[in-house]
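Heavy-atom basis, side chains included; hydrogens, waters and symmetry copies ignored.
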Amino acid sequence: SAQFAFLCSLLGYKVLAVDIDYQCDFTNELGLTYTDVDKSIYDIIFKNTPIKECIIELNPNLHLLGANEDLDDIEFELNRSMNREQALSKIIKSVKDDYDLILVDCHPAKSLINIAGIYAADAAFVPAIPNKLGYRGVARALNYIRDIYAERYFDGNTNASGLSTK
């Protein structure tokens, strides 16, 4: 995901990379560590911090909403929230017109923050290593994404457009 975001930025697309993985891999792959990120998606959802205060400019076309250790607590907080599946949708919509592409990197597990990330997405991109385990992981991810998109189709809020593999 990080390589894709960086390449798109070099091609002239304005990209926002959003890391909702408590392991901070997307943030790390883009050259920062969790200690470099003062405010994350956690601050936006639960502390009402404006998103623009949380975005870090990596280059003129590549911006990062990074992850930090606060994401360790996000599952607990989301579990207590109303409309938790829409927590990220409102945030993404608030900056959607500022970017050509917004990539949300999720951790590889079923979780409330991932449901919110998938719910906010117009499309799903699942990078995978082309081997037996990679294909099995993609199949599981597709089923998970399909279930979440089915909920969105039911209430008419989706524009899902596809899946790609590495």
Side-chain angles (χ1 to χ4, degrees), residues 1-127 141 144-145 148-149 151-152 157-161 164:
S1 299
Q3 294 85 357
F4 183 70
F6 185 70
L7 177 62
C8 288
S9 75
L10 292 179
L11 292 172
Y13 293 97
K14 185 97 179 212
V15 179
L16 175 62
V18 180
D19 193 348
I20 61 171
D21 179 357
Y22 59 85
Q23 297 173 15
C24 310
D25 290 340
F26 204 22
T27 299
N28 290 333
E29 289 178 19
L30 290 171
L32 300 177
T33 67
Y34 71 91
T35 58
D36 297 322
V37 177
D38 293 327
K39 297 175 185 168
S40 71
I41 198 75
Y42 182 92
D43 296 281
I44 299 167
I45 295 172
F46 298 109
K47 296 180 181 178
N48 295 318
T49 304
I51 188 171
K52 296 198 184 223
E53 289 181 21
C54 303
I55 293 173
I56 301 166
E57 182 177 311
L58 301 176
N59 74 42
N61 286 333
L62 180 57
H63 296 172
L64 173 67
L65 177 51
N68 62 22
E69 59 192 14
D70 290 342
L71 289 183
D72 287 340
D73 298 327
I74 203 162
E75 288 298 313
F76 176 74
E77 297 291 343
L78 280 173
N79 196 39
R80 303 178 339 160
S81 300
M82 299 292 290
N83 296 321
R84 55 186 170 234
E85 66 278 348
Q86 298 206 15
L88 200 54
S89 294
K90 294 174 186 174
I91 295 163
I92 297 298
K93 283 181 185 174
S94 73
V95 294
K96 194 171 187 172
D97 291 339
D98 298 337
Y99 296 95
D100 299 311
L101 180 64
I102 300 174
L103 295 172
V104 180
D105 186 65
C106 304
H107 60 278
K110 293 180 178 181
S111 68
L112 294 173
I113 191 63
N114 282 359
I115 290 171
I118 294 166
Y119 201 87
D122 291 329
F125 173 78
V126 180
Y144 184 51
I145 292 165
I148 293 166
Y149 278 170
E151 290 178 21
R152 289 184 64 197
N157 289 328
T158 195
N159 184 18
S161 60
S164 298

Check your understanding: When rounded to the nearest 0.5 angstrom, what is the spacing between CG in Leu62 and CG in Leu7?
Key -> 11.0 Å
Check your understanding: Under 4.5 Å between any side-chain heavy atoms of Lys14 and His63, yes or no?
Key -> yes
Practice item. Could you tell me the separation between the CG atom of Leu64 and the CD atom of Glu57, rounded to the nearest 0.5 Å? Key: 11.5 Å
Check your understanding: Can you find a heavy atom in the side chain of Leu71 that is under 4.5 Å from one in the side chain of Ile113?
Key -> no
Study note, to complete from the structure: In terms of heavy-atom contacts, Ala17 and Leu30 come closest through CB-CD1, 3.7 Å
Check your understanding: Do you know the tightest heavy-atom contact between Cys8 and Leu101?
Key -> SG-CD2, 3.9 Å
Review point. By side chain to side chain donor-acceptor pair (under 3.5 Å), which residues pair with Ser9, not counting sequence neighbours?
Key: Asn59
Check your understanding: Within the side chain of Glu75, is there an N or O that forms a donor-acceptor pair under 3.5 Å with the backbone of Leu112?
Key -> yes
Point to revise | Gap between atom CG of Asp43 and atom CD1 of Ile51 - 0.5 Å precision | key: 11.5 Å
Check your understanding: With side chains defined as the heavy atoms from C-beta onward, is the minimum distance between Tyr119 and Leu88 less than 4.5 Å?
Key -> no
Review point. Which heavy-atom pair separates Cys54 from Ser40 by the least distance, and what is that distance?
Key: SG-O, 4.2 Å
Practice item. State which residue, out of Ile20, Ile74, Asp72, fulfils the side chain to side chain contact (heavy atoms under 4.5 Å, CB included) condition with Tyr42. Key: Ile74
Revision key, fill the gap. NZ (Lys47) and CD (Glu77) are apart, to the nearest 0.5 Å, by 9.5 Å
Exercise for review: Sequence neighbours left out, what passes side chain to side chain contact (heavy atoms under 4.5 Å, CB included) with Lys110? Give chain and number order.
Suggested key: Tyr144
Review point. In this structure, are over 12 heavy atoms from other groups packed under 6.0 Å from Glu69 atom CD?
Key: no
Practice item. Decide yes or no for Ile44 and Leu65: does some side-chain heavy atom of the first lie under 4.5 Å from some side-chain heavy atom of the second? Key: yes
Review point. To the nearest 0.5 Å, how far apart are CG in Leu32 and CG in Leu58?
Key: 5.5 Å
Review point. What's the shortest heavy-atom distance between Val104 and Gly117, and which atoms?
Key: CG1-CA, 4.4 Å
Study note, to complete from the structure: Paired with Asp19, the side chain to side chain donor-acceptor pair (under 3.5 Å) test is passed by just one of Asn68, Thr27, Asn28, namely Thr27
Review point. Are the side chain of Ser111 and the backbone of Asn114 linked by a donor-acceptor contact shorter than 3.5 Å?
Key: yes
Review point. What pairs with Lys96 under side chain to side chain donor-acceptor pair (under 3.5 Å), at least two apart in sequence or on another chain?
Key: Asp122
Exercise for review: Return the minimal non-hydrogen interatomic distance between Ile45 and Asn48, and the atom names on each side.
Suggested key: O-OD1, 4.2 Å
Check your understanding: Which heavy atom in Ser89 sits nearest to a heavy atom in Ala120, and how many Å separate them?
Key -> OG-CA, 3.4 Å
Review point. Is there side-chain contact between Asp70 and Phe46, with heavy atoms separated by less than 4.5 Å?
Key: no
**Study point:** CD1-CD1 distance between Ile145 and Ile115, expressed to the nearest 0.5 angstrom
**Key:** 12.0 Å
